[in-house]
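Letters go in sequence order (proteins before strands), and every chain restarts at 1.
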Protein chains: 2
Amino acid sequence: MISQRARYAFKALVALSRVPVGESLQTKDIAEREGIPRAFLEHIMLDLKRDRLVGSRRGKNGGYFLLKPPSEIIFGEILRLIDGPLAPLPCLSRHAYKRCEDCADETTCAVRCAFADVFQAMLGVLDGLSLADAIERSDRARAGLPGYGANPYSGAFI
Amino acid sequence: MISQRARYAFKALVALSRVPVGESLQTKDIAEREGIPRAFLEHIMLDLKRDRLVGSRRGKNGGYFLLKPPSEIIFGEILRLIDGPLAPLPCLSRHAYKRCEDCADETTCAVRCAFADVFQAMLGVLDGLSLADAIERSDRARAGLPGYGANPYSGAFI
DNA sequence: GGTATTTCCGACTGACTAAGTCAGGAAATT
DNA sequence: AATTTCCTGACTTAGTCAGTCGGAAATACC
């Protein structure tokens, strides 16, 4: 499960993506529209700003805006920023690598072998998916086109 | 990241898988061999027992043993049992489904659309991977065959 | 210049979970 | 009967999550 914080961040970024280029949104508006606690969202927006995903203007008519086109803002990147490393095991993380104290030999660890596959599958999607992609899928679902909604229950899900 | 608890559970199950059919392992041995705190491992073994993944014998020469062949014990199943639902969003979980209070329309939510893909990729691997598979990969890595180790750093990992 | 509006920032809280530890009970074997 | 093992519940300690609160700094408007 991703954190609530991350989920809010995604919703805010999607909202910002839907706004015409050059315009901005205020936390108050985003919070209201998306049902996010305002004070909490402020902190999240600052996180996003710190990582140069959004820019801001203070004072009256201020607000937040994307610093890159939505097609260049990647889900994996956002999730890493908010929730930290994505790797299922510390010994699989590139940037936050940490050896498992109890593991004799990393390269032949069966658990690591298994989760390496899982990780690769996750990253394949996560690092190839932009805000623009997500919005496109959402819009197609809205238009009622079959096969494009987020209805995963056609497969064997849990 | 999966929990430490889950990681220990996997290691214990792998250890049990490597034992000849009919034989068993004691928590003490597993704990020692795998570097897991013994008292903690006992709790974990009971979890596994509660879910009928392992059986036990008490008293002298007692221990734990698998109730199914390793090829029928699936990573996704184990992880669900220890760490709870695998879905990245509550609204994507089948068994632990929970609506996002703040979400107006689930089927067109861009965040949900995106993570549905991630989830599907994860599950594709996680629910098709058995203990036997993991051990096979580990053994091949041990034998030094290229392309079979858990060295994910050939791709673009983080 | 003053006031309203907005972002920015740190400190705090309350609930929860993770990762263990500890003490002892129950069953099986010797 | 003694020993060995699994079994069980209570407890601890540290850390994280999901916020809230109060106020400071910047900007726009009159």
Side-chain angles (χ1 to χ4, degrees), chain A residues 1-12 16 23-32 34-65 67 79 81-85 88-90 96 98 100-102, chain B residues 1-12 16 23-32 34-65 67 79 81-85 88-90 96 98 100-102:
Chain A
M1 290 267 182
I2 72 173
S3 68
Q4 186 83 328
R5 196 185 185 86
R7 211 173 56 81
Y8 288 158
F10 283 116
K11 292 187 73 175
L16 287 175
E23 291 182 35
S24 63
L25 282 179
Q26 303 182 347
T27 46
K28 194 183 56 169
D29 294 330
I30 302 178
E32 236 164 66
E34 305 288 346
I36 304 172
R38 204 178 119 258
F40 192 31
L41 180 60
E42 278 177 6
H43 282 282
I44 296 169
M45 296 313 293
L46 288 179
D47 286 346
L48 297 178
K49 187 185 175 177
R50 231 168 276 133
D51 243 69
R52 320 270 170 214
L53 289 183
V54 303
S56 65
R57 233 188 338 264
R58 292 206 214 188
K60 184 152 196 179
N61 301 327
Y64 288 96
F65 47 90
L67 286 178
L79 197 54
L81 152 64
I82 303 281
D83 277 358
L89 295 172
K98 195 163 164 290
C100 301
E101 302 300 333
D102 51 284
Chain B
M1 292 266 182
I2 71 173
S3 68
Q4 186 85 327
R5 197 186 183 85
R7 211 172 57 80
Y8 289 157
F10 283 117
K11 291 187 74 176
L16 287 175
E23 290 181 37
S24 63
L25 282 179
Q26 303 181 349
T27 46
K28 195 183 55 170
D29 295 330
I30 302 177
E32 237 163 66
E34 305 288 346
I36 304 172
R38 202 178 121 257
F40 191 30
L41 180 59
E42 278 177 6
H43 281 281
I44 296 169
M45 295 314 293
L46 289 178
D47 285 348
L48 298 178
K49 188 186 172 175
R50 229 168 279 132
D51 238 60
R52 318 271 171 214
L53 289 182
V54 303
S56 65
R57 231 187 338 265
R58 293 205 214 188
K60 185 148 195 184
N61 301 325
Y64 289 96
F65 46 90
L67 286 179
L79 197 53
L81 152 64
I82 303 280
D83 277 357
L89 296 172
K98 195 163 165 293
C100 301
E101 302 300 333
D102 50 285

Review point. Looking at B/R38 and B/E42, does any basic side-chain N land under 4.0 Å from a carboxylate oxygen?
Key: yes
Review point. Under 4.0 Å between a side-chain N or O of A/S56 and OP1 or OP2 of C/dT6?
Key: no
**Study point:** Any A/Y8 side-chain nitrogen or oxygen under 4.0 Å from OP1 or OP2 of D/dA18
**Key:** no
Practice item. Please report, rounded to the nearest Å, how far the P atom of D/dC6 is from the CG atom of B/L41. Key: 9 Å
Distances for protein N or O near nucleotides 26-30 of chain D N or O, under 3.5 Å:
from, atom 1, to, atom 2, distance (Å)
D/dA26, O4', A/R58, NH1, 3.4

Exercise for review: Counting heavy atoms from C-beta on, name the nucleotide in D/dT8, C/dA19, D/dG19 closest to the side chain of A/Q4.
Suggested key: D/dG19
Check your understanding: Where each residue is assigned the nucleotide of DNA chain D containing its nearest heavy atom, which of B/R50 and A/D83 is assigned the position nearer the 5′ end?
Key -> B/R50
Exercise for review: Figure out the CZ/P separation between A/R7 and D/dC17, and round it to whole Å.
Suggested key: 15 Å
Review point. Between C/dT13 atom P and A/H43 atom NE2, what is the distance in whole Å?
Key: 15 Å
Review point. Quick one: B/D29 CG to D/dT4 P, roughly how many Å, whole number?
Key: 14 Å
Review point. Hey, does the side chain of B/K49 come within less than 4.0 Å of D/dC6's phosphate (OP1/OP2), counting only N and O?
Key: no
Point to revise | Interatomic distance, A/Q4 atom CD to A/D83 atom CG [nearest 0.5 angstrom] | key: 11.0 Å
Exercise for review: Using whole Å, report how far CG of B/D102 lies from P of D/dA18.
Suggested key: 12 Å
Exercise for review: Measure from CZ on B/F40 to P on C/dC22 and round the result to the nearest Å.
Suggested key: 14 Å
Review point. Can you tell me if the side-chain N/O atoms of B/Q26 get under 4.0 Å from OP1 or OP2 in D/dT4?
Key: no
Exercise for review: For B/I36 and C/dA19, give me the distance from atom CD1 to atom C1', rounded to whole Å.
Suggested key: 13 Å
**Study point:** From CG (A/L16) to CE (A/M45), nearest 0.5 Å
**Key:** 5.0 Å
Practice item. Starting from P on C/dA27, measure out to OH on B/Y64 and report it in whole angstrom. Key: 15 Å
Practice item. Without swapping roles, check the side chain of B/K49 against the backbone of B/S56 for a donor-acceptor pair under 3.5 Å. Key: no
Review point. Would you say A/D47 and A/R5 make side-chain contact, with heavy atoms under 4.5 Å?
Key: yes
Practice item. Can you figure out which of C/dA19, D/dT20, D/dA18 approaches the side chain of A/S3 most closely? Key: D/dA18
Check your understanding: Knowing that exactly one of B/I2, B/D51, B/L48 qualifies, which makes a side-chain contact (heavy atoms from CB on, under 4.5 Å) with B/I82?
Key -> B/L48
Exercise for review: Classify the side chain of B/E42 versus the base of D/dC7 as yes if they form a donor-acceptor pair under 3.5 Å and no if they do not.
Suggested key: yes
Practice item. Run the numbers on B/D102 and A/K11 for side-chain contact (heavy atoms from CB on, under 4.5 Å), then give the verdict. Key: CA-CA 10 Å; B/D102 50 285; A/K11 292 187 73 175; 2.4 Å; yes
